[in-house]
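No experiment lies behind these values; they were computed from the predicted model shown.
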Amino acid sequence: MDLPALRRARLRHHRLVAPARTPVDAARHLTATQSQDFWGGRLALAARTRGAGVSAVDRAYDRGALVRAWTQRGTLHTVAAEDLGWMLSVTAARMLQADAKRLRDLGIAADDIARAEKLAVAALRGGGRLTRAEIAAVWESGGISTAGQRGYHLIVTLALHGVLVWGPVVHRDGVEPREQHLVLAEEWIRESASPADPLAEFFARYIAGHGPATARDFAWWAGLPLTTARAAAAAAADRVRVVRDADEPLYASPAPPRTAPDAARTFALPTFEEFYIAYADRTVTASPEALAAAGPGANGMVRPLIVHDGEIVGVWKPPAMAQRATGDAQIELFADAPIDASDARAAVDRAMAILRA
């Protein structure tokens, strides 16, 4: 498989040229969509859904079909609600172990976590919902300090324990949504999938939504050791196909989505976009110039991307949220980009229309 064919195959696997019917279908197909920037995760899913704006993603959050959680690498992802439990069964223990020192440094002991859970459950039981600031107030009134990063890490810990999840969107009149309410996972998530082999499921689903890719790519994306990732690939052998047999086999879906007849060739994609960030080796889609421009930078940020025929050809920046309805996005095409400014502007305009819809 040569480089252009590999890029075309990734566009199909990612549903960028083969959009899903609903945002939930898109989320289920990708398995987990990086979403620590709330607007970015919403755009990523809407861009993979035919005719959808981000409000369709919000509605899926509001009815409990989508949730946002720390599913891997200590990073927030959007997932189909029924998938959260089995995913955490694969990844949560490693994330809790990785965060243990930070909890000790913050003076958060097991007793603090237990009391925080008791207070949170009491406040949320029966369909309650709280913002981050509101749950911090509950804990403060119960004698648990949330100073510094303590409140954040208490939320993360309880989420990894399967107690809390980010659910319905916080809607405010005339203001683009920026956050979600915390809810009790056991109440909010009404159905749960139970794959026979969650690790094999994780690998097969990753390949379906991100292929062609290697076990090393999966290890990075899932935050798992390479030996575990290779075991997952072996366990899922009947659900994937090898498209390049080498020391590091390249896996793809046996039946990736078909390219739509009207598929675009150029896309404006959000921060922490899965098409770029979800691989250990990003050189398939990014030149050295693109890698330097896209990031992660010193602050860990990955910039919004302009992608043409599966190659990153520039970066862009949407207007600030206060100007989102009418402001213009900034565009930076690379010197050797195989498109002109009008193509990039059209792609960015489409992304902005999705953000406004």
- Task: List for me each residue that meets side chain to side chain contact (heavy atoms under 4.5 Å, CB included) alongside Ser192, sequence neighbours excluded, and say none if there are none.
- Result: Ile189
- Query: Is the side chain of Arg42 donor-acceptor paired with the backbone N or O of Val57 at a distance under 3.5 Å, no angle test?
  - Reply: no
- Message: Looking only at the side chains, is there a donor atom on one of Arg102 and Gln149 sitting less than 3.5 Å from an acceptor on the other?
- Response: no
- Message: Taking the ring of Trp86 and the ring of Phe202, is the distance between their centroids below 6.0 Å?
- Response: yes
- Task: Grab the two heavy atoms, one from Ala264 and one from Arg350, that are nearest each other, plus how far apart they are.
- Result: CB-NH2, 4.0 Å
- Query: Which residue, Leu158, Val121, Val183, forms the side chain to side chain contact (heavy atoms under 4.5 Å, CB included) with Leu164?
  - Reply: Leu158
- Task: Cation-pi check, Arg282 to Tyr276: give yes when NZ or CZ is under 6.0 Å from the six-membered ring centre and within 45° of the ring axis, no otherwise.
- Result: yes
- Can we say Arg125 and Glu186 salt-bridge, meaning some charged N sits less than 4.0 Å from an Asp/Glu carboxylate O? no
- Geometric cation-pi criterion, Arg150 with Trp139: 6.0 Å, 45°: no
- Message: Checking Phe267 against Phe275 for the ring pair (Phe, Tyr, Trp, His ring centres under 6.0 Å) test, could you report, in this order, the C-alpha distance in whole Å, the side-chain angles of both residues, the deciding distance, and whether it holds?
- Response: CA-CA 11 Å; Phe267 303 88; Phe275 190 76; 8.3 Å; no
- Quick one: are the ring centres of Tyr251 and Phe203 less than 6.0 Å apart? yes
- Nearest heavy-atom approach of Arg7 to Asp309 is CB-O, 3.7 Å
- For the residue pair His14 and Glu274, confirm or rule out a side-chain donor-acceptor distance under 3.5 Å. no
- Item | Ile113 side, atom CD1; His161 side, atom NE2 - distance, nearest 0.5 Å | 6.0 Å
- Run through the side-chain heavy atoms of Ile, Leu, Val, Met, Phe, Trp and Tyr, join any pair under 4.5 Å, and report what else lands in Leu250's cluster. Met1, Leu3, Leu6, Val243, Val284
- Query: What are the two closest heavy atoms between Ser35 and Thr33, and how far apart are they?
  - Reply: OG-O, 2.6 Å
- Quick note, salt bridge (Lys or Arg N to Asp or Glu O under 4.0 Å) partners involving residues 218-232, not counting sequence neighbours, are Arg230-Glu248
- Can you see which heavy atom on Gly209 is nearest to which on Leu30, and at what distance? O-CD2, 3.3 Å
- Message: Same cluster or not: Val169 versus Trp39, using hydrophobic residues (I, L, V, M, F, W, Y) connected whenever any side-chain heavy atoms lie under 4.5 Å apart?
- Response: no
- Task: Measure the acute angle between the ring planes of Tyr206 and Trp221, then classify it against the limits of 30° and 60° as parallel, tilted or perpendicular.
- Result: tilted
- Task: Can you tell me which residue pairs pass the side-chain hydrogen bond (donor to acceptor under 3.5 Å, both in side chains) test with a partner in residues 337-346, sequence neighbours excluded?
- Result: Asp340-Ser342
- Message: Could you check whether Ser55 and Asp58, counting side-chain N and O atoms only, form a donor-acceptor pair closer than 3.5 Å?
- Response: no
- Message: Between the side chains of Lys317 and Glu332, is the shortest nitrogen-to-carboxylate-oxygen separation below 4.0 Å, so that they form an ion pair?
- Response: no
- Who pairs with Ala344 by side chain to side chain contact (heavy atoms under 4.5 Å, CB included), at least two apart in sequence or on another chain? Ile306, Ile331, Leu333, Ile339
- Please name all residues satisfying side chain to side chain contact (heavy atoms under 4.5 Å, CB included) with Ala136, sequence neighbours left out, ordered by chain then number. Thr146
- Query: Trp316 and Ala329: which non-hydrogen atoms are nearest, and at how many Å?
  - Reply: CE3-CB, 3.8 Å
- Query: Does a salt bridge link Arg50 with Asp25, judged by any charged N lying under 4.0 Å from a carboxylate O?
  - Reply: no
- Message: As a quick check of understanding, evaluate salt bridge (Lys or Arg N to Asp or Glu O under 4.0 Å) for Glu273 and Arg10, giving each step before the final call.
- Response: CA-CA 13 Å; Glu273 164 57 40; Arg10 282 210 179 155; over 6 Å; no
